[in-house]
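Note that the numbering runs from 1 along the sequence shown for the chain.
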Amino acid sequence: MSESPEKRRRMESALDQLKKFTVVVADTGDFNAIDEYKPQDATTNPSLILAAAKMPAYHQLVDQAIKYGIANGGTDEEQLTNTVDKLFVNFGLEILKKIPGRVSTEVDARLSFDKDAMVSRARRLISLYEEAGVSKDRVLIKLSSTWEGIQAGRELEEKYGIHCNMTLLFSFAQAVACAEAQVTLISPFVGRILDWYKENTDRKSYEPHEDPGVLSVTKIYNYYKKFGYNTVVMGASFRNIGEVKALAGCDLLTISPGLLGELSKDHSAVSCTLTPQGAKECSLDKVHLDEKAFRWLHNEDRMAVEKLSDGIRKFAADAVKLETMIKEKMFNEKNGQ
């Protein structure tokens, strides 16, 4: 006798149920986690690459990148930049062997206010992937969602057919500008928004359906679907599985290995909360933002202003730590140590 649908659902993990509504993405540079949870896509950032590069299992990727950087010559600074770019791509290439979809590779956060430098660095990363035989269609270039970053995304998409993932996205203004720039994907943050509200208000706990990060991503998803934008929404930066489950139905969700593990052990029901049909019924008005209107609307959101600048600083600090580690290894390599 076949099992009842109810019993079968109880046996299914929350992760398996979630995958029916949403594309699950692993937020990690650790290949073992990718093997274990079988996501469609994977995302990386400087902090994740720094953590992975310190693991003995990945020293070989670091060493390969250093040899590449030195062999390509140039000043010490150029060698360092080439090494870091190659290291990011090396991780991306290994991840792509383990997933059917796309990997996100981030442009240095220290370029967040320099559109032309972001475009140049993105094209360089794509050329390294293509040299390794990987099509640009399997790569998303991650850019900070500053005005300059969003315009870099617009240029990369329009002029070069390079797909972009706009990260460090906290405000509705950022989301609107990204949609108008016709970038491929945005990664609005959930957990970091919750962090801010817990730190800056008297309220210290929220149910998932009233979590300010969940509400922010829900509004963005509904706005995009209501007005027919092609840009897709990938909720990011989760603090608990309640937030993840509350966004079931979002185009994509990028989830850390720890939370993927919790979801795989959780057998409670997951229902689809976000749908294009539901979005069509929302009472949202269409907004158009030029640069001045964007800067004003974003500036009106104190949380978003503080979290964007804080996020850029943290990614930049981890980029510096990674470079410091690589500089030492490069010195040893050049001096035969």
Measure the shortest side-chain to side-chain distance between [X] and [Y] over non-hydrogen atoms and say whether it is less than 4.5 angstrom.
X	Y	answer
Asp251	Thr22	no
Leu143	Thr167	no
Leu194	Pro212	yes

Distance-only donor-acceptor check, side chains [X] and [Y], under 3.5 Å:
X	Y	result
Gln79	Lys334	yes
Ser144	Ser112	yes
His288	Glu180	yes
Ser256	Asp27	no
Tyr129	Thr105	yes
Ser268	Lys245	yes

According to ring pair (Phe, Tyr, Trp, His ring centres under 6.0 Å), who are the partners of [X], at least two apart in sequence or on a separate chain?
X	answer
Trp147	Phe294
Phe31	Tyr58, Phe91
Phe227	Tyr223
Phe88	none

Hey, what do you get for [atom1] ([X]) to [atom2] ([Y]), rounding to the nearest 0.5 Å?
X	Y	atom1	atom2	value
Arg102	Leu185	CZ	CG	6.5 Å
Glu106	Ser47	CD	OG	8.0 Å
Asp108	Ile312	CG	CD1	11.0 Å
Thr146	Arg295	OG1	CZ	8.0 Å
Lys38	Gln40	NZ	CD	13.5 Å
Ile150	Met118	CD1	CE	9.5 Å

Can you confirm whether [X] is buried at [atom1], in the sense that more than 12 heavy atoms of other residues, nucleotides or ligands lie under 6.0 Å from that atom?
X	atom1	answer
Glu291	CD	yes
Lys314	NZ	no
Lys159	NZ	no
Asp137	CG	yes
Glu210	CD	yes
Glu130	CD	yes
Glu300	CD	yes

Apply side-chain contact (heavy atoms from CB on, under 4.5 Å) to Ile141 and Leu125, showing your working. CA-CA 8 Å; Ile141 293 294; Leu125 289 167; 4.0 Å; yes
Can I get a per-line list of side-chain donor-acceptor pairs under 3.5 Å for residues 301-309, giving both atom names and the distance, sequence neighbours left out?
from: Asp301; atom 1: OD1; to: Met303; atom 2: N; distance (Å): 3.3
from: Asp301; atom 1: OD1; to: Ala304; atom 2: N; distance (Å): 3.2
from: Arg302; atom 1: NE; to: Glu306; atom 2: OE2; distance (Å): 2.8
from: Arg302; atom 1: NH2; to: Asn200; atom 2: OD1; distance (Å): 3.0
from: Glu306; atom 1: OE1; to: Trp196; atom 2: NE1; distance (Å): 2.7
from: Ser309; atom 1: OG; to: Val305; atom 2: O; distance (Å): 3.1
from: Ser309; atom 1: OG; to: Glu306; atom 2: O; distance (Å): 3.1

Using a strict 4.0 Å threshold on nitrogen-to-oxygen distance, state whether Asp195 and Arg192 make a salt bridge.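 Looking at Asp195 and Arg192, the cut-off is not met.
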So, is the end of the Lys219 side chain (NZ or CZ) under 6.0 Å from the ring centre of Phe172 and within 45° of the ring's axis?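 Output yes; distance and angle both within limits.
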side-chain hydrogen bond (donor to acceptor under 3.5 Å, both in side chains) partner of Ser187, chosen from Asn45, Thr254, Thr43, Asn165: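 Of all the options given, the one that passes is Asn165.
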Quick one: which residue pairs count as a ring pair (Phe, Tyr, Trp, His ring centres under 6.0 Å) with a foot in residues 302-331, not counting sequence neighbours?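 Those involving residues 302-331 do not exist here.
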